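First the structure, in the form of structure tokens, and then the observations on it.
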Amino acid sequence: MNDEFGTKLKQCRMEREWTQNELAEELNVTRQAVYKWETNKGYPDLQTLIKISEIFEVTIDDLIKTDKKLQQKIKVDEDETFEELSDPGFYLGMFLVLLGIFVFEESSFLLIIGLLTIVFFTDMVKSFKTLLKSGK
């Protein structure tokens with residue numbers, strides 16, 4: 001028996017006698033997305049996985065427990081969250097905030113720049129990368 005998520009999803013869908021299109025409509029995704037999941041060429045995000053478990057009245061554990069590839073993907077996504085917390089913009093922004101507080105006490109300029117750096121650094125880097133790619 002194949003224990004991959006896609007096989008289990010297709011089995012659940014077939015038991016309900018639904019088409020891929022009908023399931024896609026229930027999940028508010030495209031039929032192509034359902035096809036990719038059922039052929040193990042892609043996986044749903046966590047929110048969609050929760051919806052799938054609710055629709056078919058199965059636990060998420062039942063859906064993914066034996067699919068090591070899907071478990072790896074979920075683990076990788078958790079690691080990316082940690083990387084966002086270790087954003088260099090946070091440290092640069094904190095440095096500017098502290099510099100503004102302790103060195104330049106009369107000016108709030110560095111304090112504001114530091115706070116903006118903390119909040120928008122990642123977005124600025126993404127925008128800059130997009131600008132560079134579109135310029136090529």
Side-chain angles (χ1 to χ4, degrees):
M1 179 180 171
N2 194 340
D3 289 333
E4 293 180 316
F5 168 78
T7 304
K8 291 178 182 177
L9 177 62
K10 185 174 183 177
Q11 181 182 2
C12 288
R13 179 179 61 79
M14 299 297 277
E15 286 173 4
R16 288 262 174 115
E17 298 179 357
W18 283 359
T19 64
Q20 287 180 340
N21 223 20
E22 289 171 319
L23 178 57
E25 287 177 18
E26 279 290 318
L27 296 171
N28 201 24
V29 298
T30 64
R31 185 203 55 81
Q32 291 84 354
V34 173
Y35 169 79
K36 282 173 62 175
W37 303 336
E38 288 186 355
T39 56
N40 295 302
K41 293 180 180 166
Y43 296 104
D45 61 23
L46 188 56
Q47 289 302 110
T48 306
L49 195 57
I50 292 169
K51 285 182 189 176
I52 291 168
S53 75
E54 290 171 351
I55 288 170
F56 294 116
E57 298 173 350
V58 296
T59 65
I60 293 176
D61 187 52
D62 289 338
L63 291 171
I64 71 169
K65 187 175 186 175
T66 56
D67 191 328
K68 301 298 180 197
K69 193 173 178 182
L70 178 55
Q71 291 173 15
Q72 280 296 129
K73 182 181 179 342
I74 292 171
K75 186 179 273 186
V76 168
D77 289 347
E78 289 172 354
D79 292 344
E80 288 174 4
T81 302
F82 177 73
E83 286 177 16
E84 289 177 8
L85 294 176
S86 62
D87 183 0
F90 173 78
Y91 298 107
L92 177 61
M94 285 304 295
F95 174 75
L96 292 173
V97 167
L98 293 174
L99 195 63
I101 291 172
F102 294 113
V103 177
F104 300 100
E105 296 170 8
E106 300 296 318
S107 172
S108 59
F109 178 74
L110 277 178
L111 182 67
I112 293 169
I113 295 298
L115 292 173
L116 289 173
T117 302
I118 291 170
V119 174
F120 296 112
F121 183 80
T122 303
D123 293 330
M124 290 187 312
V125 169
K126 286 179 185 175
S127 297
F128 186 68
K129 285 180 181 178
T130 303
L131 184 66
L132 287 177
K133 286 181 184 177
S134 67
K136 289 182 179 179

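Note that the structure is predicted; figures quoted are calculated from it, not measured.
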[atom1] of [X] to [atom2] of [Y]: how many Å apart, nearest 0.5 Å?
X: F95; Y: L110; atom1: CZ; atom2: CG; result: 9.0 Å
X: L23; Y: I52; atom1: CG; atom2: CD1; result: 6.5 Å
X: L49; Y: E54; atom1: CG; atom2: CD; result: 10.5 Å
X: K36; Y: T30; atom1: NZ; atom2: OG1; result: 8.0 Å
X: L116; Y: L111; atom1: CG; atom2: CG; result: 9.5 Å

Legend entry - Same cluster (ILVMFWY, side-chain, under 4.5 Å), W18 and M14: no
Within the supplied structure, the quantity of interest is the number of heavy atoms (other residues, nucleotides, ligands) at a distance under 6.0 Å from [X] [atom1]; does it exceed 12?
X: E17; atom1: CD; result: no
X: D61; atom1: CG; result: yes
X: F121; atom1: CZ; result: yes

Inset, instruction - Check whether any side-chain heavy atom of W37 lies under 4.5 Å from a side-chain heavy atom of T48, and answer yes or no. - result: yes
Inset, instruction - Return the set of residues passing side-chain contact (heavy atoms from CB on, under 4.5 Å) with T19 (not counting sequence neighbours), or none when no residue passes. - result: N21, E22
Inset, instruction - Might you point out which heavy atoms bring K41 and Y35 nearest each other, and give the distance in Å? - result: NZ-OH, 3.7 Å
Inset, instruction - For residues P44 and F5, report the shortest heavy-atom separation together with the two atoms involved. - result: CD-CE2, 3.6 Å
Legend entry - Partners meeting side-chain hydrogen bond (donor to acceptor under 3.5 Å, both in side chains) with R16 (sequence neighbours left out): none
Inset, instruction - Please lay out, stage by stage, how L63 and L9 fare under the test side-chain contact (heavy atoms from CB on, under 4.5 Å). - result: CA-CA 7 Å; L63 291 171; L9 177 62; 5.6 Å; no
Legend entry - With E38, the side chain to side chain donor-acceptor pair (under 3.5 Å) member among K10, R13, Q11, K8: R13
